[in-house]
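Below is one structure, written out as structure tokens, with a few remarks after it.
Chain letters run A, B, ... following the sequence lines, proteins first, then strands; residues in each count from 1.
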Amino acid sequence: MYAKVIVDVPAKQTNRAFDYVVPLPLRKWVEVGSRVGVPFGPRVLQGFVVELQEESSVDPKRVKAIQHVMDVVPPLTPELVGLGRWMSGMYLCHEVTALQAMLPGALKAKYERGIQIGDHAGEQARTALPDVLDILEFVRLKGTVGMEALMERFPNEGLLVKQLIESGALSEVQIVKDRMNTKKALTIFPPEQIGVLEDAVQELSVRAVKQKEVLRFLMDHPVPIRLAELMDKLQVGAGTVKSLSDKGWFELREVEVGRDPYAGRTFLRTKPLPLTDEQDHVFQEIQSAVAAHRHEVFLLQGVTGSGKTEVYLQSIQECLDQGREAIVLVPEISLTPQMVERFKGRFGDLVAVLHSRLSNGERYDEWRKITRRQVKVVIGARSAIFAPFTRIGLIIIDEEHESSYKQEESPKYHAREIAVQRALQHQAVVVLGSATPSLESIQRTRSYRGGKPSYRLLLMQQRVAGRPMPKVHIVDMREELKGGNRSMFSRPLYKAIEERLHKKEQTVLLLNRRGYATFVMCRTCGFVSTCPHCDISLTYHQSSRMLRCHYCGYAEREVSQCPSCSSEHIRHFGTGTQRVEEELGKLFPGIRVIRMDVDTTTEKGSHEKWLTMFREKQADVLLGTQMVAKGLDFPDVTLVGVIAADTVLNLPDFRSAERTFQLLTQVAGRAGRHEKLGEVFVQTYTPEHYSVQCASRHDFGGFANHELDIRATLGYPPFQRLILITFSHEELPLLVKSAEAFVTRLKELAADQLRSENDLFSAVEQTPEPAHMEVLGPVASPISRIKDRYRFQCVVKYRGNVQASQLIGSAVSWFEERSSKEKLQISVDVDPQYLM
DNA sequence: AGCACGCCGACT
DNA sequence: GTCGGCGTGCTC
């Protein structure tokens, strides 16, 4: 039997399956999706089995054999292996990169050089020096020892070890390992015949009180128990237990334990809540599609506070009752303890939780519950979409408009697209939930394919318990300036904060400053510190007092004098939250402020810590960036202030209006979630802008219609799809020349395809719209240099039946064949979130 | 990605 | 005359 294996080398030339013989003893372990160690050239690599077959077309003399299988249960299912193939074509990445993205980091292979005793060790042993004997003995004892461990033990013998390897006294082997240390715990295994412990009690001396206590406990509880737990329960020392095991009364050995990050926490079991009519209608729609095994995508548009989560929970329950599994995606930021609690409370141990705050080992343990079939529900951030379930019934993506569902590194996939792809394979249902759906999704509820919309729209427009939406005031900052107020707080917002302080209610302040970094500028000559390797200004980091480049990590010390004109008038710009905090302190002496931004939330768990403090009313104001806008729910917050609503609007990005609208709507939803009425103040320099206006009226429909009109006119998504191609090279003239050659070739290919596609179109008249494709550029990228490489980009716009990825793929291969030696890097981003 | 093979400049 | 620079090509 032969296996086709994708090896762990992300390179063009190795981006194909290699054939290996499956040795007889491994046959029952090797499956499609297995992770295997295979000899590849001179070394041993990790690989993924993507196909099994009886025959191989490769010359039998050249075929090697699979060396070992790395997991008892294959970490990938055949469906995921197929998905990997699809992703590599769709997102133009190496197949192994796609497969790797599906697995927890702990399963990424680690390669180590190992040393073993060689065939000629005996000859050395007679004649050798004491040093040599020491080394040989050490290696013999260990069996196989990592090169690092050996060097640690014999720090000065590097040369000698090398000689020993050359003479054959030692031999070098490759070790493929996981990047993971499984946590082990000493565990006591009571004997099968528990009665024999009675004899033990008799034999022990009268003084061995503690030992007898241990034995009695085991007789009462004849199941394996962790040593630590027993010691804790009976208040005995490890020595007591150890001496009993030494006498052979029971076995004490290490077993692998799952690290359960939620261990020791009990979750209050909750029962399904009664649904409102609106909720019930939505639930029925979802449930009947799941029950019918019908692949369908629902867009659930529900205002904040309309009770989407309860609908999710009950739909999942239906899905589980049918013996199928469910995946729930939430943005990382809203994967809060409260969120986890709701799922754990309803489904208990059937839930695995995957989020980035877990350590590698913890995440692996949660993930392993899936392959072990211990859980039926996974809740997690983006990559949880790859949960290796085999009977998926329902996939839920909450806050589907969030840009964090798009992975920014290769493979640059969008979890929404993966969800639909997987659901198709499983004949499963996808629910996309949001108060402010992405325009892509809204458009799909309106565009028809085969007589019906691709997505079905479900609406939930009432807040649970009929709480009114908060009143939103727009404050025109230009008027404030005219009125002589140069502070960053308008008078209405100032009054509102003052009022909350009196009433002992809380305030959330949002400083919307994406795209703004804290850079350093000289006020005399205008000099800005920039990275010597990248075309970007350096960011000031408060904690280390260093200037750092976000792209390459270059760092330099903060300067007090301008390097260009020696002026001392040099200051930090855009230190947004900090400056707001200072000003708050001046305006309201004694005010208690919690500031949340990149500076204060880098530490692990700090995010949660600040929110808990705020919840416990240890502060009057929560001040932060984007991160305070999402998913928070504090009963005493009655005021939300947006310091500058339009910073994002001014970015040169076709999605900026959409982002502004989403952010304002979300943050407005933070106010008055409970009995008390909420109020929102939005400070802006462009109060007439439709994204601000519509957000203030809670008018999603109005915003969507207006924005869709604009997108249609300009030919942007969702009416046309985009692909961003970025070229980089160390030498600018070469870069320009190559990029231009590439684009010319791409245009030729596109024209060919369009011609044949549209001939077909006019002949058949079935596709809803004629195919169209244009290639814009190349032009210099907005960040024109990163890590000493110049960057150019081009944007491909297309609609209709165009195999754009495939087309770009062949242009890339054409380019690489034509000029293999030129070090031009090409990076492709399908459906980019940002055009920079 | 590694690693070996292979063809041209600065040294014993 | 060699040692070694990294350009090119291969890995079942």
Integer-rounded Å distance: [N] [atom2] and [X] [atom1]:
X        : N      : atom1 : atom2 : result
A/Phe40  : C/dC12 : CZ    : P     : 6 Å
A/Leu45  : C/dC10 : CG    : P     : 18 Å
A/Glu816 : C/dT8  : CD    : P     : 15 Å
A/Gln100 : B/dA1  : CD    : P     : 14 Å
A/Lys4   : C/dC12 : NZ    : C1'   : 9 Å
A/Arg43  : B/dC3  : CZ    : P     : 6 Å

Does the ring centre of A/Phe154 sit less than 6.0 Å away from the ring centre of A/Phe138? yes
Start with the C-alpha gap between A/Val36 and A/Met70, add the side-chain angles, then the distance that decides, and say whether side chain to side chain contact (heavy atoms under 4.5 Å, CB included) holds. CA-CA 5 Å; A/Val36 290; A/Met70 301 182 69; 5.7 Å; no
Under the 6.0 Å and 45° cation-pi test, does A/Arg16 pair with A/Phe18? yes
Near DNA chain B, under 4.0 Å by heavy atom, which residues of residues 7-19 of chain A? A/Val9, A/Pro10, A/Ala11, A/Gln13
Taking A/Arg791 for its side chain and A/Ser781 for its backbone only, find out whether a donor-acceptor pair lies under 3.5 Å. no
Residues in salt bridge (charged side-chain N to carboxylate O under 4.0 Å, His left out) contact with A/Glu748, at least two apart in sequence or another chain: A/Arg745
The salt bridge (charged side-chain N to carboxylate O under 4.0 Å, His left out) partners of A/Glu95 (sequence neighbours excluded) come to A/Arg85
